[in-house]
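Computation of the quantities below employed the complete heavy-atom set of this structure, encompassing side-chain atoms and omitting hydrogens, waters and symmetry-equivalent molecules. These numbers were taken from a predicted model, which means no experiment stands behind them.
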Amino acid sequence: SNVLAWLLNPNENHGFGKAFIARLNSYIAKDGLVSDEVAFKLLTMKYSDIVVYREWQNIDILIESQKEKYILCIENKVDSNEGIGKELKLNQETAEEKEYKKKSQTERYYYACSKSDGLRNDSLDKSKTLQLFVYLSPREQCPIEKKFIKISYQDLVDYVLEPYLE
């Protein structure tokens, strides 16, 4: 996840600029994984104020842009299954918190990113923000939360990384 976050951050010193995040968005847009309207937005982004976070609320990679009104949440499953209710540690739980703990990782991450005060940048209006959720895994497992887009490691290599490594 650290290397992937580094590559997806156009502000890092890898010399590729926005190439990797633009290519990932292009793959999502062109593979029919999103609507035409979302695809158009992904293909025309400028990436001028991208911020990449690692492990925000246990989300492996969270990418956001205020100017583009864009949020990308990536759950990177290397060699494990989706956990249910293990991250939240509270002394006194409300009924809502107990329900939250019963959710799968992807369900909790979707909730954290889509609630009005969920993100690092609380000034973003979530109702007007493009929110994408990617489930990255080397295996054929699918995310429990259906709003996550399943992308395999092989797809990531073939369509995002390899074109720039040749």
Side-chain angles (χ1 to χ4, degrees), residues 1-12 14 16-78 82-85 87-88 96-97 99-101 103-137 141-153 155-156 159-161:
S1 292
N2 285 333
V3 171
L4 183 58
W6 178 72
L7 287 171
L8 291 172
N9 190 339
N11 305 309
E12 287 290 353
H14 45 59
F16 292 106
K18 66 181 183 179
F20 286 111
I21 190 165
R23 190 78 180 155
L24 176 60
N25 280 342
S26 177
Y27 171 74
I28 292 168
K30 292 181 179 177
D31 204 39
L33 300 173
V34 293
S35 70
D36 290 346
E37 180 182 339
V38 170
F40 179 77
K41 179 165 178 135
L42 292 175
L43 294 172
T44 58
M45 283 182 63
K46 303 289 184 228
Y47 305 99
S48 62
D49 69 330
I50 291 290
V51 180
V52 178
Y53 302 102
R54 282 280 294 120
E55 295 298 334
W56 177 78
Q57 290 199 11
N58 295 313
I59 296 170
D60 291 323
I61 302 169
L62 181 71
I63 302 170
E64 65 180 349
S65 166
Q66 267 192 322
K67 289 180 185 173
E68 299 288 345
K69 295 181 173 42
Y70 165 84
I71 297 164
L72 175 61
C73 170
I74 300 174
E75 174 58 18
N76 186 17
K77 282 291 168 203
V78 178
E82 217 176 315
I84 295 182
E87 281 95 5
L88 192 60
E96 182 181 7
E97 290 164 339
E99 280 303 306
Y100 182 82
K101 284 179 68 172
K103 295 181 182 299
S104 70
Q105 282 179 302
T106 53
E107 289 169 324
R108 288 193 312 274
Y109 299 164
Y110 175 77
Y111 174 80
C113 287
S114 60
K115 68 180 187 167
S116 62
D117 62 348
L119 292 175
R120 300 281 300 253
N121 188 344
D122 289 337
S123 64
L124 277 176
D125 180 352
K126 308 320 175 276
S127 66
K128 296 177 183 168
T129 300
L130 171 59
Q131 298 178 14
L132 292 174
F133 302 88
V134 169
Y135 189 83
L136 182 62
S137 174
Q141 68 192 45
C142 291
I144 294 171
E145 172 55 62
K146 300 303 179 205
K147 290 177 178 66
F148 273 72
I149 299 166
K150 166 76 171 87
I151 297 178
S152 71
Y153 278 20
D155 290 341
L156 186 71
Y159 300 107
V160 178
L161 301 175

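When side chains are defined from C-beta on, Ile28 counts as touching Ile151, because their heavy atoms get closer than 4.5 Å. Side chains of Ser137 and Lys150 form a contact here, defined as non-hydrogen atoms less than 4.5 Å apart. Lys147 places none of its side-chain heavy atoms less than 4.5 Å from the side chain of Gln131. Proximity of Val134 to Glu75: side-chain heavy atoms (C-beta onward) are nowhere separated by under 4.5 Å.
Note: Ser26 OG to Leu43 CG = 5.5 Å, rounded to the nearest 0.5 Å. Leu33 contributes atom CG, which lies 10.0 Å from atom CG of Leu132 (distance to the nearest 0.5 angstrom). Between Ile63 atom CD1 and Leu8 atom CG the span is 4.5 Å, to the nearest 0.5 Å. Ile74 contributes atom CD1, which lies 11.0 Å from atom CD1 of Ile59 (distance to the nearest 0.5 angstrom). Expressed to the nearest 0.5 Å, how far CD of Glu68 lies from OG1 of Thr129 amounts to 11.5 Å. A distance of 14.5 Å separates CG in Leu24 from NZ in Lys18, rounded to the nearest 0.5 Å.
Among all heavy-atom pairs drawn from Phe148 and Cys73, the shortest one is CZ-SG, 4.2 Å.
Although no hydrogens or angles enter the test, the distance criterion places no donor-acceptor pair under 3.5 Å between the side chain of Asn76 and the main chain of Asp60. Looking at Asn11, its side chain does come within 3.5 Å of a backbone N or O of Ile50 through a donor-acceptor pair.
Ring orientation note: the planes of His14 and Phe16 are tilted relative to one another, at an angle of 30° to 60°.
Counted by atom type alone, Asp49 and Tyr70 present zero donor-acceptor pairs between their side chains at under 3.5 Å.
The side chain to side chain contact (heavy atoms under 4.5 Å, CB included) test with Leu4 singles out one residue from Asn9, Val52, Leu156, and that residue is Leu156.
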Exercise. Is there a side chain to side chain contact (heavy atoms under 4.5 Å, CB included) between Lys77 and Tyr135 once you walk through the steps?
Worked result: CA-CA 7 Å; Lys77 282 291 168 203; Tyr135 189 83; 3.4 Å; yes
Problem set entry | side chain to side chain contact (heavy atoms under 4.5 Å, CB included) evaluation trace for Ile61 with Leu136 | CA-CA 11 Å; Ile61 302 169; Leu136 182 62; over 6 Å; no
